[in-house]
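Reading through the structure tokens given below for one structure.
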Amino acid sequence: MAEPHEEKEDQAEAHLNILRHSTSHLMAQAVKDLFPGVKVAIGPSIETGFYYDFDYEPGFTEDDFAKIEARMTELVKMDIPIVRKMVKKEDALEMFRKAGEAYKVELIEAIEDPEVSLYTQDNFTDLCRGPHLASTGQIGVFKLLSVAGAYWRGDEKNKMLTRIYGTAFPNQDSLDAYLKFVEEVKKRDHRRLGKELDLFSVSDEVGAGLVIYHPNGALLRYLLEDFERKEHLKRGYQFVVGPHILKLDMWKKSGHYENYRDNMYFTKIDDVDYGIKPMNCLSHIMVYRSTIRSYRDLPLRYFELGTVCRHEKSGVLHGLLRVREFTQDDAHIFLRQDQLHQEILNIMEFVHDVMEIFDFKYEMEISTRPDKYIGTLEDWNKAEQVLKEVLDGQGLPYDINEGDGAFYGPKIDIKLKDAIGRKWQCATIQCDFALPERFDLYYVDSDGKRKRPVMLHRVVLGALERFIGVLIEHYGGRFPVWLSPVQVIIMNITDEQEPYVRSMRDAMVSEGLRVELDTRNEKLSLKIRDGMVKKIPYMVVVGKKEMANETISVRVRDGGELKDIAVRDFIERVKEENLLRR
RNA sequence: GCCGAAGUAGCUCAGAGGUAGAGCAGCUCACUCGUAAUGAGCAGGUCGGGGGUUCAAUUCCCCCCUUCGGCUCCA
């Protein structure tokens, strides 16, 4: 049962959805008034507002928005009743056919009920399940936001329509609040912060989707890698390293050439074909196969910060979140069927611990057997059962994506939620029955017979590039001390303290702190400002007084001040934060 | 890949058929300064790349590349 206040929230949300849905119809009505010959497709409310898809030959641009919005405002003022009517399917079909609304006809044909509901406002009638507001006069404030192409029914084989996005709210204040929120989100954009904090760049001279890490970005990445290596060693993983290119025959054997070729790059050496790896599993399989394995050896957990190259379509590249070369915290675990439950539990605990350290909440999904699959039904059912049991056993909620598993096995996807509620796919755990089969992997069981191991593919952070991008936005560039590329910046007030702060910097660096020095001949307020802009956690100020007392004054990025603290105590404080990952 | 928009100094942006401008950053000088921008001066650009139209193109046209907003796909 929902709590009373939740019910209220649900009601408010439901109302907002109706408002937006009606605004979407209003926009369609305005567009049809203004642009004769336009055909309408679908126009739902969405999380951030609404959209409507149109088929119109010249298409629309944002220049058309003012005109459309003006007409919408007129229609609101006219306070036109929005009338619902149930009609027979055949009648609706005839009506939309006559009107030349081919998309509506297609939609109605797919409806099984004998009757469909229509909503009419003046000269505009739309097929719609509803509900809607009672009249256009009840519509609040709205704003058209962007145009975009969208395939009919989301299928890239279909015609591309023009989609107009907009948003709507009951009043101006809530619209303003939303637009302000959008601005805040822009300020957190990892591409913007990546530039401002000088973390990374991508260059069209080098190539699209290829990341160049600058010193601070590379340091951040190094800190994550260091974290990963320690955590994996702690959990019984072994490090392995494989090559970036493997003979094409390997990729044919594994099925990648057949199923993943479009995403791969190829090259030729001395007339032999090679494929650049899009995944790390094959080398790990070679390690497994390098000697005979006993049931006592399992599970074997091979870990690699493996860099892979994938040919992503040009239109999907996006900062660090979607690139063409990236490094996964990848592991392949070879184990017996009877170990599957415990091992997946281990991984889930691993994921949980890591998410907690970075202060992420997360959600889980199980993806089950697709229509096209390899392996036996029995294996699939068993594995799906195990995945469910593990999640049930933890008492954590999860969704099921029927038929969305990989062709070689079912999987658990973990979607993390960042500081402002957005979801990102990072960790995933995939069962694989296919590769052990294709590479004829086996172990010798207690009865002396050869048995086939199960293979798990899993990543925890996912791709370092994507994870770093998410981290930047999650923290808004204000990394916790242990992850800050620069933890401390020391500022002198006059030249007099310069040699002193230099030796202080050296002392801190030798204790493992990451320290910068600002000895520019500038006012303190400028140095503080620059330190704040660079989002450095600790700004250490040294003037005449501090030098005499061998203390420092520390301005803390996230608020507050450490007045006249001993250098030694400050160093210990930062060291502890490094250790505790704070 | 598809639809739409954009690309001007290191960054953020203005400009216009007659070969470009601001702020910040950079450099030089003065100021030696106590918690979010001291002042003055200097320097900085084949106006994304390639073709075309024109007496003349950074501006108009075509192609390409890249980026942005979406669609589709995904770590």
Side-chain angles (χ1 to χ4, degrees), chain A residues 46 51 53-54 56 58-64 145-165 186 189 191-192 195-196 198 201-209 260 262-263 278-280 306 308 310-330 406 413-415 424-428 430 457-470 491-498 520-534 539-546 553-557 561 563:
Chain A
I46 53 173
Y51 66 79
D53 287 347
F54 301 101
Y56 182 60
F60 301 104
T61 70
E62 297 189 8
D63 297 337
D64 297 318
L145 297 174
S146 59
V147 286
Y151 299 108
W152 167 238
R153 299 198 144 179
D155 187 334
E156 64 180 329
K157 290 185 196 81
N158 288 340
K159 180 167 184 183
M160 181 157 275
L161 310 174
T162 304
R163 174 173 299 179
I164 300 181
Y165 282 94
K186 274 192 199 154
D189 190 307
R191 293 164 299 183
R192 177 175 173 157
K195 215 177 258 177
E196 285 173 10
D198 196 19
S201 60
V202 282
S203 152
D204 56 342
E205 285 178 271
V206 171
Y260 208 71
D262 291 347
N263 281 295
M279 297 183 195
N280 301 300
V308 296
R310 296 185 187 175
H311 179 214
E312 299 293 342
K313 290 179 182 178
S314 60
V316 306
L317 301 175
H318 182 93
L320 292 181
L321 300 179
R322 196 73 183 275
V323 295
R324 285 185 171 150
E325 180 180 314
F326 56 96
T327 300
Q328 297 176 301
D329 62 336
D330 205 1
D413 286 327
I414 291 103
K415 293 206 157 80
W424 306 93
Q425 157 86 65
C426 288
T428 169
Q430 310 184 341
H457 308 239
R458 50 103 285 186
V459 290
V460 177
L461 303 188
L464 285 180
E465 282 73 11
R466 176 174 290 183
F467 193 75
I468 288 171
V470 172
M491 309 162 179
N492 59 333
I493 290 178
T494 68
D495 292 350
E496 209 185 328
Q497 299 93 36
E498 190 177 333
R520 287 176 304 167
N521 186 5
E522 293 289 354
K523 283 183 151 179
L524 181 63
S525 55
L526 181 82
K527 297 187 183 187
I528 292 283
R529 183 189 136 79
D530 286 352
M532 289 303 284
V533 168
K534 287 155 109 176
M539 282 156 279
V540 169
V541 176
V542 178
K544 205 175 227 168
K545 193 178 61 184
E546 286 82 3
S553 296
V554 184
R555 169 145 169 173
V556 182
R557 175 192 62 194
E561 197 179 0
K563 260 261 183 255

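Side chains are part of it too, since the values below use all heavy atoms of this structure and drop only hydrogens, waters and symmetry mates. We name chains A, B, ... by the order of the sequence lines, and we start the count at 1 in each one.
- The side chain of A:M160 approaches B:rC3 more closely than any other nucleotide in the set B:rC3, B:rC71, B:rU32.
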side-chain hydrogen bond (donor to acceptor under 3.5 Å, both in side chains) between A:S553 and A:E561, worked out: CA-CA 7 Å; A:S553 296; A:E561 197 179 0; 5.2 Å; no
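- With B:rG34, B:rU72, B:rG4 as the choices, the nucleotide that has an atom nearest any side-chain atom of A:V316 turns out to be B:rU72.
- Rounded to whole Å, atom C1' of B:rC68 lies 12 Å from atom CG of A:L317.
- With respect to the salt-bridge test (charged N to carboxylate O, under 4.0 angstrom), the residues A:D530 and A:R520 qualify.
- A straight line from CG of A:D413 to C1' of B:rA75 spans 10 Å, rounded to a whole angstrom.
- Residue A:G209 is the one, among A:L320 and A:G209, whose nearest nucleotide of RNA chain B lies closer to the 5' end (criterion: closest heavy atom).
- Closest approach of A:A427 to A:V460, counting heavy atoms only: CB-O, 3.1 Å.
- As rounded to whole Å, 12 Å separates atom C1' of B:rC73 from atom CG of A:D155.
- Here the C1' atom of nucleotide B:rA25 and the CZ atom of A:R529 are 11 Å apart, to the nearest Å.
- Across all strands, A:V541 comes closer than 4.0 Å to base atoms (heavy-atom distances).
- B:rA20 sits 11 Å from B:rU58 when the P atoms are compared, rounded to a whole Å.
- Across all strands shown, A:S553 has heavy atoms under 4.0 Å from base atoms, whether or not it also approaches the sugar-phosphate.
- In this structure, A:K159 places its NZ atom 17 Å from P of B:rC2, rounding to the nearest Å.
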Working for side-chain hydrogen bond (donor to acceptor under 3.5 Å, both in side chains), residues A:Q497 and A:T494: CA-CA 6 Å; A:Q497 299 93 36; A:T494 68; 3.1 Å; yes
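- On the C1' atoms, B:rU19 is 12 Å away from B:rG45, given to the nearest whole Å.
- In terms of polar N and O atoms assigned as donor or acceptor, the side chain of A:Y151 never comes within less than 3.5 Å of the base of B:rG70 in a complementary pairing.
- Pair assignment for B:rC29: B:rG39, on the basis of Watson-Crick or G-U wobble contacts that are both within less than 3.5 Å.
- Base contact: A:E522 has a heavy atom under 4.0 Å from a base atom.
- Contact annotation: side chain of A:E62 to base of B:rG69, donor-acceptor pair absent below 3.5 Å.
- B:rA57 and B:rG50 are spaced 14 Å apart, taking the P atom of each and rounding to whole Å.
- Remark: the A:N263 side chain and the B:rC74 base include no donor-acceptor N/O pair separated by less than 3.5 Å.
- Under the Watson-Crick and G-U wobble criteria, each requiring two contacts below 3.5 Å, nucleotide B:rC74 is left unpaired.
- Side chains of A:S146 and A:E62: no donor on one and acceptor on the other come within 3.5 Å.
- Aromatic stacking is not marked for A:Y165 over B:rG70, as the cut-offs of 5.5 Å for the centres and 30° for the planes do not both hold.
- Base pairing of B:rG21: its partner is B:rC13, meeting the Watson-Crick or G-U wobble criterion (both donor-acceptor distances under 3.5 Å).
- Annotation: B:rG17 and B:rC47 have their C1' atoms spaced 15 Å apart (nearest Å).
- Pair check for B:rA56 finds none; no Watson-Crick or G-U wobble contact set falls under 3.5 Å.
- Within the 4.0 angstrom heavy-atom criterion, base atoms lie near A:G315.
- For the pair A:D155 and A:R153, the salt-bridge criterion is not met [side-chain N within less than 4.0 Å of a carboxylate O].
- Of the candidates B:rA36, B:rG1, B:rA75, B:rG1 carries the atom nearest the A:E156 side chain, counting heavy atoms from C-beta on.
- Rounded to an integer number of Å, the gap from CZ of A:R163 to C1' of B:rU72 is 11 Å.
- Using a 4.0 Å heavy-atom cutoff across all strands shown, A:K544 reaches at least one base atom of the nucleic acid.
- Among the atoms of the strands shown, only primed sugar atoms or phosphate atoms (P, OP1, OP2) are found under 4.0 Å from some heavy atom of A:L526.
- Remark: the separation of the P atoms in B:rG4 and B:rG52 is 27 Å, to the nearest Å.
- With the nearest nucleotide of RNA chain B identified for both A:P58 and A:K523, A:P58 has the one nearer the 5' end.
- Following rounding to the nearest Å, A:K313 (NZ) and B:rC73 (C1') show an atom-to-atom distance of 6 Å.
- Rounded to an integer number of Å, the gap from A:L321 CG to B:rA75 P is 14 Å.
- A salt bridge does not link A:R191 with A:E196: every distance from a Lys NZ or Arg NE/NH1/NH2 to an Asp or Glu carboxylate oxygen is 4.0 Å or more.
- For B:rA36, the base has no donor-acceptor partner in the side chain of A:R557 [N/O atoms by modelled type, under 3.5 angstrom].
- Within 4.0 Å of A:R191, counting heavy atoms only, lie sugar-phosphate atoms of the nucleic acid but no base atom.
- In this structure, A:E522 CD and A:M491 CE are separated by 12.0 Å, a value rounded to the nearest 0.5 Å.
- Counting non-hydrogen atoms under 4.0 angstrom, A:E196 reaches nothing in the nucleic acid.
- B:rC60 and B:rU53 have their C1' atoms separated by 8 Å, given to the nearest Å.
- If you check distances only, the side chain of A:R322 does reach the base of B:rC73 with a donor-acceptor pair under 3.5 Å.
- Residue A:V323 is classed as a base contact, given a heavy-atom separation below 4.0 Å to a base.
- In this structure B:rG4 sits in a base pair with B:rC68, meeting the Watson-Crick or G-U test at under 3.5 Å.
- Taking only distance into account, the side chain of A:R153 never meets the base of B:rC71 through a donor-acceptor pair shorter than 3.5 Å.
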